[in-house]
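Heads up, the thing below is written out as structure tokens.
Computed from a prediction, not measured in an experiment: that's the story for all the values here. Keep in mind that the numbers below use all heavy atoms, side chains included, and drop hydrogens, waters and symmetry copies. Chain identifiers are assigned alphabetically (A, B, ...) following the order of the sequence lines, protein sequences preceding nucleic acid strands; residue numbering begins at 1 within each chain.
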Amino acid sequence: MTGRTYALSDGNSFYCSCERVFDARLARVPVIVLSNNDGCAVARTSEAKALGIKMGDPWFKIRDLCRSGGVRAFSSNYALYGDMSARVNEVYARFSPRIEVYSIDESFLDLTDVRQADRMPLARDMRATVQAWTGIPTCVGIGPTKTLAKLANHVAKKVPELEGVCDLTDPVQYAHWMARIEPGEIWGIGPANARKLEALGCESVADVRDLDARVARKAMTVVGERLVQELRGVPCLDLEEVAPTRKGCAVTRCFSDRVEDLATMEQAVATHATRLGEKLRAGGLGTDHVTVFFHTSEHDRNRPQRSVSTVVSFPEASNDTIVLVKAAVFGVRKVWKPGYRYSKAGIVTTDLVPLEASQRAFPSMGQLDRENATALMAALDACNRRYGRGTVVPATAGVVQKREWATKFEMRSPRYTTRFEELPVVAA
DNA sequence: TCTGGGGTCCTAGGACCC
DNA sequence: TCTGGGGTCCTAGGACCC
């Protein structure tokens, strides 16, 4: 196996940085971005972290602290972050022909063909270019495996003197940092495995690397064995330039207010089914069964609890919103029981198949009108792309009722880059 | 008392990721 | 009053088969 080199580049406090790009007043003040329903903090700038705000802190618990600390809090603006992510990746593409977009703010780059001496300059140039062209600050980690590139990225973020870049293909850097990072920071080591490694006497990443492969396997299955190899510089994980076809798809949401009546529950799940249809069609995928679920909240102490789910099957695979909405309503009615304060509902699919190649049902066995449905859905998607999501929906998804249950985004910034009516205005 | 040997498939649950 | 959403992979164990 010839040596490989990977880089992992990620945006610093990515969602917060996106907000800062469009509002210069946010430059040096603490900023956080909240999850759906303004539930909890999911992104924090270094200033916000310094105030003691933790990942996942519920908004109602930190609201006072944010007021007194001058923290600017934003609802999630996924349209903005997704668009900014695409722009950042376009810049990355100028620095490597092989890229894996790993998440909304992280990408792996193949730097195998870049000479050792040129890697750090390339990484610095890339950082500067992304900053200049998109306004997003990044950090870059380089290593002979993806796991080591991730680790290098972690070092680049934590050690200010490195100025956002770290190269673990450099033997001196490798020896230095492997002995100084705790096992819990390794990509793939969560709280449970961190405890197991501690029990095995591992105090640093170097200790994990030097674990006997069989011991690692016994403690953490094949995942652990692979991880030890990756830490030694033996690649077990390849770059995934083409995202593998997804296997499942879900649309689930907490309600902003508790739901206690059937009509509202039907409307909510039908709305989720509508969104599910869009996601499936975007990937050319279909399914012949969906799971509908809803449940109460554990936070509602002293209230009766209930959690139900039911599977609804079709004669053949589909991604037709009409079919999905009917299934959603059917499922809700089937397991509905009044007298509870429901907090969350959703529709989930597994076993997705490429619709084009999927098995048809016999005409006499309830075959769906796929041809007409495809044309109708294409028109629906085109309308909603052009005029905004939810412009055209099936009547069953309910447009008449007030959507009091709908997710709240009360502090959302404008969708600066994806909606004409929300373009930033510059006074000169 | 004793109570095969293998195989596959499916599901639930745990663990991890961002 | 108020606690996110959406994925993947792996294993154990049960059902079932010959």
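Among the heavy atoms of the strands, none lies under 4.0 Å from A:D38. Counting non-hydrogen atoms under 4.0 angstrom, A:I189 reaches the backbone sugars and phosphates but no base. Residue A:K196 is out of contact with every strand shown, counting any heavy-atom pair closer than 4.0 Å. Contact annotation for A:R246: backbone-only contact, meaning every heavy-atom pair under 4.0 Å involves sugar-phosphate atoms and none involves a base. Residue contacts for A:N193: at a heavy-atom cut-off of 4.0 Å it reaches the sugar-phosphate backbone alone, with no base atom in range. Nucleic acid contact for A:L227: none, since no nucleic acid atom lies under 4.0 Å from a heavy atom of the residue. The residue A:R195 sits apart from the nucleic acid: no heavy atom pair falls under 4.0 Å. The residue A:E298 sits apart from the nucleic acid: no heavy atom pair falls under 4.0 Å. Nucleic acid contact for A:N36: sugar-phosphate only, since backbone atoms but no base atoms lie under 4.0 Å from a heavy atom of the residue. Within 4.0 Å of A:R258, counting heavy atoms only, lie sugar-phosphate atoms of the nucleic acid but no base atom. Across all strands, A:K408 comes closer than 4.0 Å to no nucleic acid atom at all (heavy-atom distances).
More than 12 non-hydrogen atoms from other residues, nucleotides or ligands lie less than 6.0 angstrom from CZ of A:R98.
Closest to the side chain of A:K247, out of C:dT8, C:dG5, B:dC17, is C:dT8. In the set C:dG5, B:dC18, C:dG7, the nucleotide with an atom closest to the side chain of A:C249 is C:dG7. For A:K344, the listed nucleotide lying nearest its side chain is C:dG5; candidates were C:dG5, C:dT3, C:dG4. In the set C:dG6, B:dA15, B:dC18, the nucleotide with an atom closest to the side chain of A:V251 is C:dG6. Counting only heavy atoms from C-beta on, A:D105 has its side chain closest to B:dC18 among C:dC10, B:dC18, C:dG7.
Separating the CZ atom of A:R341 from the P atom of C:dC2 is a distance of 6 Å, rounded to the nearest angstrom. One atom, CG of A:L276, and another, C1' of C:dG5, lie 14 Å apart when rounded to the nearest Å. Rounded to whole angstrom, the span from the CZ atom of A:R63 across to the P atom of C:dT1 amounts to 12 Å. Taking atom CG of residue A:L352 and atom P of nucleotide C:dG6, one finds them 14 Å apart after rounding to whole Å. Atom-to-atom, CH2 of A:W59 to P of C:dG5 comes out at 18 Å; the value is rounded to the nearest Å.
In this structure, A:H299 packs face-to-face on the six-membered ring of C:dT3, meeting both the 5.5 Å centre cutoff and the 30° plane limit.
Using a 4.0 Å cut-off between a side-chain N of Lys or Arg and a carboxylate O of Asp or Glu, A:R333 and A:E266 qualify as a salt bridge. Checked for salt-bridge contact, A:R389 and A:E278 meet the test: a charged N lies under 4.0 Å from a carboxylate O. For the pair A:K157 and A:D10, the salt-bridge criterion is met [side-chain N within less than 4.0 Å of a carboxylate O].
Nearer to the 5' terminus of DNA chain C, by closest-nucleotide assignment, is the contact made by A:F60 (compared with the other of A:T221 and A:F60). Nearer the 5' end of DNA chain C, as judged by each residue's closest nucleotide, is the contact made by A:K61, out of A:K61 and A:K279.
Taking the P atom of each, B:dT3 and C:dC18 are spaced 24 Å apart, rounded to whole Å.
Using bins of under 30°, 30° to 60° and over 60° for the plane-to-plane angle, the ring pair A:W187/A:F108 lands in the tilted bin. Between A:Y81 and A:Y15, the angle of the ring planes stays under 30°, which puts this pair in the parallel group of the 30/60° scheme.
Phosphate proximity of C:dG6 to A:T252: present, with a side-chain N or O under 4.0 Å from OP1 or OP2.
With a cut-off of 3.5 Å on both Watson-Crick or G-U wobble distances, the partner of B:dT8 is given as C:dA15.
Taken from CE in A:M84 to SG in A:C18, the straight-line distance is 5.0 Å, to the nearest 0.5 Å.
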